[in-house]
Amino acid sequence: MPAYKRILLKLSGEALMGDDAYGINRATIVRMVREVQEVTQLGCEVAVVIGGGNIFRGVAGGSVGMDRATADYMGMLATVMNSLALADTMRQEGMTARVMSAIAIDQVVEPYVRPKALQYLEEGKVVVFAAGTGNPFFTTDTAAALRGAEIGAQVVLKATKVDGVYTADPKKDAAATRYTNISFDEAIAKNLQVLDATAFALCRDQKLPIKVFSIFKPGALKRVVMGEDEGTLVHV
Ligand SMILES: Nc1ncnc2c1ncn2[C@@H]1O[C@H](COP(=O)(O)OP(=O)(O)O)[C@@H](O)[C@H]1O
Ligand SMILES: O=c1ccn([C@@H]2O[C@H](COP(=O)(O)OP(=O)(O)O)[C@@H](O)[C@H]2O)c(=O)[nH]1
């Protein structure tokens, strides 16, 4: 039995690159989709928010000197591309997915309409939320928290490059150790950077737990959904 009936899964855009320099690595996206398929087969309802960092990051690189809001809209469009790629890969793997966009782009994907999203989830379809929150100055982490709260997900699962929340940034501090559990208050007090602050505050206010785990570790998503010891749970 899965530990959660409905989850909001946040997939790192950057992780889609696999070992490539940018873009979408075929083997990587197929592997991610198969992992999602496994948990849908357990009877878990899955909504996905995917980032865009593999295509465009609003705060870096080619966007230097650009108006921040314009760069962020480009970032949101990048998440639309990733969402389309993800949903199409799901289709190829025999799943049914629907993409819903937070910005109007009707010829490409349907708009986000909350009751419609709920209906799809009840029908067992995977819903992919594209274009983040639809607003600049936010991130897809915040979109994950927002949509997670809206659809009544029991948990936000952040599948990322690290396998949990550490005592310090593990990329900078080799001595950092991983928490199995940590409360929102403690994570804030220790200033641990895992989700951005807006996303974090939203989840805390809504008492929506967050599980941080590795997107690169095969089987980790299923283990998380089965309630096994994997990653870090951030709780109230
Ligand atoms: N205390 C911490 N525990 C774990 N990761 C941390 C911590 N502080 C900073 N990080 C960094 O956060 C990064 C993951 O967050 P983020 O950049 O938002 O990834 P994503 O692409 O999934 O959105 C990791 O690569 C890690 O280096
Ligand atoms: O609600 C949102 C979501 C995303 N973005 C933009 O889209 C980019 C890609 O998303 P993110 O960095 O969260 O993706 P990831 O880190 O998962 O690759 C961000 O940098 C922002 O520029 C935004 O402006 N508003």
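Just so you know, ligand 1 is whichever comes first in the structure, and atom 1 is the first atom listed for that ligand. These numbers come from the heavy atoms of this one structure, side chains and all, not from hydrogens, waters or symmetry mates.
When each atom of ligand 1 is checked for a heavy atom of L192 under 4.0 Å away, the hits are 1 (N). Atoms of ligand 2 found under 4.0 Å from any heavy atom of T133, numbered from 1 in the order shown, are 1 (O), 2 (C). Close contacts between ligand 2 and N135 involve ligand atoms 1 (O), 2 (C), 23 (C), 24 (O), 25 (N) [criterion: under 4.0 Å to a heavy atom]. Residue S12 has at least one heavy-atom neighbour below 4.0 Å for each of these atoms of ligand 2: 17 (O). Annotation for ligand 2: atoms under 4.0 Å from non-hydrogen atoms of G53 are 14 (O), 15 (P), 18 (O). Which parts of ligand 1 touch Y166 is read off a 4.0 Å heavy-atom cut-off, strictly below it: atoms 1 (N), 2 (C), 3 (N), 4 (C). Of all atoms in ligand 1, listed by their number and element, those nearer than 4.0 Å to a heavy atom of V165 are 3 (N), 4 (C). Atom numbering of ligand 2 starts at 1 in the shown order; those under 4.0 Å from a heavy atom of G75 are 6 (C), 7 (O), 8 (C). Taking every non-hydrogen atom of S12 and a distance limit under 4.0 Å, the qualifying atoms of ligand 1 come out as 20 (P), 21 (O), 22 (O). Interface of E14 with ligand 2, defined as ligand atoms under 4.0 Å from a residue heavy atom, comprises 18 (O). Ligand-side atoms of ligand 2 in range of G13: 15 (P), 17 (O), 18 (O), range being under 4.0 angstrom from any heavy atom.
When heavy-atom distances to ligand 2 are checked against a 4.0 Å cut-off, K10 comes that close only through its side chain, counted from C-beta outward. Of all the heavy atoms of D169, the ones lying under 4.0 Å from any atom of ligand 1 are found in both the backbone and the side chain. Here A143 has no heavy atoms under 4.0 Å from ligand 2, in either its backbone or its side chain.
Cation-pi contact between R147 and Y112: present, with separation from the ring centre below 6.0 Å and deviation from the ring axis of at most 45°. Taking the ring centre of Y166 as origin, the terminal cationic atom of R178 falls outside the region bounded by 6.0 Å and 45° from the ring axis.
For ligand 1, the polar-atom distance check against T167 finds no nitrogen or oxygen pair separated by under 3.5 Å. Between T140 and ligand 2, a contact under 3.5 Å exists for at least one N or O pair.
A heavy-atom distance below 4.5 Å is found between the side chains of T180 and D229. The shortest side-chain heavy-atom distance between S12 and K161 falls under the 4.5 Å cut-off. Side-chain contact between K207 and H235: absent, with no pair of heavy atoms (C-beta onward) separated by less than 4.5 Å. Residues L77 and I103 are in side-chain contact: their nearest non-hydrogen atoms beyond the backbone lie under 4.5 Å apart. Side-chain atoms of L192 and I182, non-hydrogen and from C-beta on, do get closer than 4.5 Å to each other. Two residues are said to be in side-chain contact when any heavy atoms from C-beta on lie closer than 4.5 Å; K10 and L157 fail this criterion.
Side-chain atoms of N25 and D19 form no donor-acceptor pair, as typed in the model, at a separation below 3.5 Å. N181 and T232 are not linked by any side-chain donor-acceptor pair at a separation below 3.5 angstrom, with hydrogens and angles left out of the test.
Residues that satisfy the ring pair (Phe, Tyr, Trp, His ring centres under 6.0 Å) test with F184, not counting sequence neighbours, are F200.
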Go through the steps for E110 and K116 under the test side-chain contact (heavy atoms from CB on, under 4.5 Å), then give the verdict.
CA-CA 10 Å; E110 65 178 299; K116 196 85 178 279; 3.4 Å; yes
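Between K161, R178, K190, K171, it is K161 that holds the heavy atom closest to atom 17 (O) of ligand 1. Among L77, D72, T198, D141, the residue whose heavy atom lies nearest to atom 22 (O) of ligand 2 is D72. Nearest-heavy-atom check against atom 14 (O) of ligand 2 across A71, G134, P136, G52 picks out G52.
Close to ligand 1: A168, with a non-hydrogen atom less than 4.0 angstrom away. Residue contact annotation: K172 has no non-hydrogen atom under 4.0 Å from ligand 1. In this structure, G53 does not count as a contact residue of ligand 1, since none of its heavy atoms falls inside 4.0 Å of the ligand. Look at G164 and you'll find a heavy atom under 4.0 Å from some atom of ligand 1.
Within a 6.0 Å sphere centred on OH of Y22, other residues, nucleotides and ligands contribute 12 heavy atoms or fewer.
Between the CG atom in D141 and the OG1 atom in T160 there is a gap of 7.5 Å [rounded to 0.5 Å].
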